[in-house]
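First up is the structure itself, then whatever we jot down about it.
Model, not experiment: these values are computed from the prediction. We count ligands from 1, going down the list as the structure has it; atoms in each ligand are counted the same way.
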Amino acid sequence: MSYAIIGFGKIGHALAKAFARNGIEVAVATTRDPESIAADAAAIGPTIIPQTLAEALKADIIVLAVRFESHSDVAKALPNWKGKTVIDAMNTQAPLEELGGLPSSAFIAKVFTGARVVKGFNHLVAAVLDQDPAVHGGRRVVFLASDDDDAAAEIGALAEDLGFAPIQLGGLSEGGLLVHARGKRWGHLIFKDLIACDR
Ligand SMILES: NC(=O)c1ccc[n+]([C@@H]2O[C@H](COP(=O)([O-])OP(=O)(O)OC[C@H]3O[C@@H](n4cnc5c(N)ncnc54)[C@H](OP(=O)(O)O)[C@@H]3O)[C@@H](O)[C@H]2O)c1
């Protein structure tokens, strides 16, 4: 399985650190030349590989860590998203009307036609996601939601490999709403930094 993080800002860095901590290779890409992020990537660890967007999009599992406004530029970069698993780590303040009345990740699933979309790694601020998830004798919780059970399980396994404790919330329009950040209608689990105790 190959991985890529699209967007190498605050969330991209936080997730790259989790991959590096666990010795898992991941491509990172922005709109810029990979050389321009090479020093930053190297500072995180040798498993963080700067690539062009086109190269990075060859990965099986792709994390969207760009600002929501940039999602369509990423979507357009591939003619077809069939066979890809997309992790939507984005939040948006866009009015519901702009999203066809859908929760943001359900909207993303429509835009990235053919991809299996899992909402995840979006509910914590980057400064918290950035930290080693092994804390207080347990593991930091990440919430996952998807309309595809197999994809949810696959990303659950990745979250475990990255050291987190995944909790599956169900479909994008049901469980996903609990971690949906939009205007004044914040999901009840947004910013809840929970630790699962391993017993
Ligand atoms: N910051 C947080 O605490 C936080 C918490 C939870 C969720 N989120 C969500 O995570 C996402 C990223 O937030 P952030 O704070 O990490 O943003 P950020 O620091 O502004 O980083 C965005 C990154 O995306 C890159 N980018 C922009 N357009 C792109 C494109 N078309 N293709 C590839 N890369 C592109 C930018 O690089 P270039 O412009 O150089 O290409 C930059 O590296 C947002 O959707 C946000 O809502 C953020």
- Query: Do we see a donor-acceptor contact under 3.5 Å between the side chains of His13 and Asp40?
  - Reply: yes

_Under 3.5 Å: N/O of Leu53 near N/O of ligand 1_ = no

Quiz item: For Leu57, does its backbone N or O pair with a side-chain atom of Lys84 as donor and acceptor, under 3.5 Å?
Solution: yes

Within 4.0 Å of some non-hydrogen atom of Ile6, the atoms of ligand 1 are 33 (C)

Q: Would you mind reporting whether Cys197 and His136 have side-chain heavy atoms less than 4.5 Å apart?
A: no

Note: heavy atom closest to atom 8 (N) of ligand 1, options Thr92, Ile5, Ile11, Val125, belongs to Ile11

| field | Side chains of Glu160 and Arg139 in contact at under 4.5 Å (non-hydrogen atoms) | value | yes

Heavy-atom nearest pair, Ile11 first then Leu124, reads CD1-O, 4.3 Å

- [ ] Could you tell me whether the side chain of Phe19 reaches within less than 4.5 Å of the side chain of Ile5, counting heavy atoms only?
- [x] yes

Side chains of residues 60-79: which donor-acceptor partners sit under 3.5 Å, not counting sequence neighbours?
| from | atom 1 | to | atom 2 | distance (Å) |
| --- | --- | --- | --- | --- |
| Asp60 | OD2 | Ser2 | N | 2.8 |
| Asp60 | OD2 | Ser2 | OG | 3.1 |
| His71 | ND1 | Phe68 | O | 2.6 |

Heavy-atom proximity to atom 37 (O) of ligand 1 ranks first, among Val74, Thr30, Val63, Val28, for Thr30

Atom 26 (N) of ligand 1 has as its nearest protein heavy atom Val66 CG1, 3.8 Å

(Q) I'd like to check whether Asn91 has a polar contact with ligand 1, where a contact means an N/O of the residue lying under 3.5 Å from an N/O of the ligand. (A) yes

Report yes if the side chains of Phe121 and Leu15 come closer than 4.5 Å at any heavy-atom pair, otherwise no.
yes

task: Evaluate the ring planes of Phe191 and Trp186, with Trp represented by its six-membered ring, and classify them as parallel (under 30°), tilted (30 to 60°) or perpendicular (over 60°).
output: tilted

Interatomic distance, CG@Leu172 vs CG@Asp88, rounded to 0.5 Å, equals 8.5 Å

Q) Within a strict 4.5 Å, meaning less than it, do heavy atoms of the Gln131 and Arg140 side chains meet? A) yes

Here the atoms of ligand 1 under 4.0 Å from any heavy atom belonging to Arg32 are 38 (P), 40 (O)

Q | Any N/O pair Thr31/ligand 1 closer than 3.5 Å | A | yes

Atoms of ligand 1 under 4.0 Å from any heavy atom of Ala89, numbered from 1 in the order shown, are 7 (C), 8 (N), 9 (C), 10 (O)

Joining Ile, Leu, Val, Met, Phe, Trp and Tyr whenever any side-chain heavy atoms lie under 4.5 Å apart, the cluster holding Val135 also takes in Ile195

The atoms of ligand 1 lying under 4.0 Å from a heavy atom of Asn122, numbered in the order shown, are 6 (C), 7 (C)

Atom 20 (O) of ligand 1: closest protein heavy atom, distance to 0.1 Å, is Arg67 NE, 2.7 Å

closest protein heavy atom to atom 21 (O) of ligand 1 is Gly9 CA, 3.3 Å

For Met90, the ligand 1 atoms with a heavy-atom partner under 4.0 Å come out as 9 (C), 45 (O)

Note: ligand 1 atoms sitting under 4.0 Å from heavy atoms of Asp73 are 31 (N)

If you scan protein heavy atoms around atom 15 (O) of ligand 1, the nearest is Lys10 CE, 3.6 Å

If you scan protein heavy atoms around atom 12 (C) of ligand 1, the nearest is Ala65 O, 3.4 Å

A side-chain contact here means heavy atoms from C-beta on lying under 4.5 Å apart; do Leu189 and Ile167 qualify? no

Checking heavy atoms under 4.0 Å, the part of Ala77 that sits near ligand 1 is neither

Note: heavy atom closest to atom 24 (O) of ligand 1, options Gly7, Ser72, Ser104, belongs to Gly7

Atom 3 (O) of ligand 1: closest protein heavy atom, distance to 0.1 Å, is Ala126 N, 2.8 Å

Of Val128, Leu124, Asp33, the one whose closest heavy atom lies nearest atom 5 (C) of ligand 1 is Leu124

If you count the non-hydrogen atoms of other residues, nucleotides and ligands that lie under 6.0 Å from CG in Asp149, is the total more than 12? no

| task | Report yes or no: do Val128 and Leu144 belong to one cluster of Ile/Leu/Val/Met/Phe/Trp/Tyr joined by side chain heavy-atom distances under 4.5 Å? | result | yes

One finds that the ligand 1 atoms under 4.0 Å from a non-hydrogen atom of Ser70 are 27 (C), 28 (N)

Practice problem: Ignoring angles and geometry beyond distance, decide whether Phe121 reaches within less than 3.5 Å of ligand 1 through its nitrogen or oxygen atoms. | Solution: no

Under 4.0 Å between heavy atoms, the region of Leu64 that gets near ligand 1 turns out to be neither

Original post:
Is the shortest N/O to N/O distance between Phe8 and ligand 1 below 3.5 Å?
Top reply: yes

Ligand 1 to Phe68, heavy atom cutoff 4.0 Å, flagged ligand atoms 45 (O)

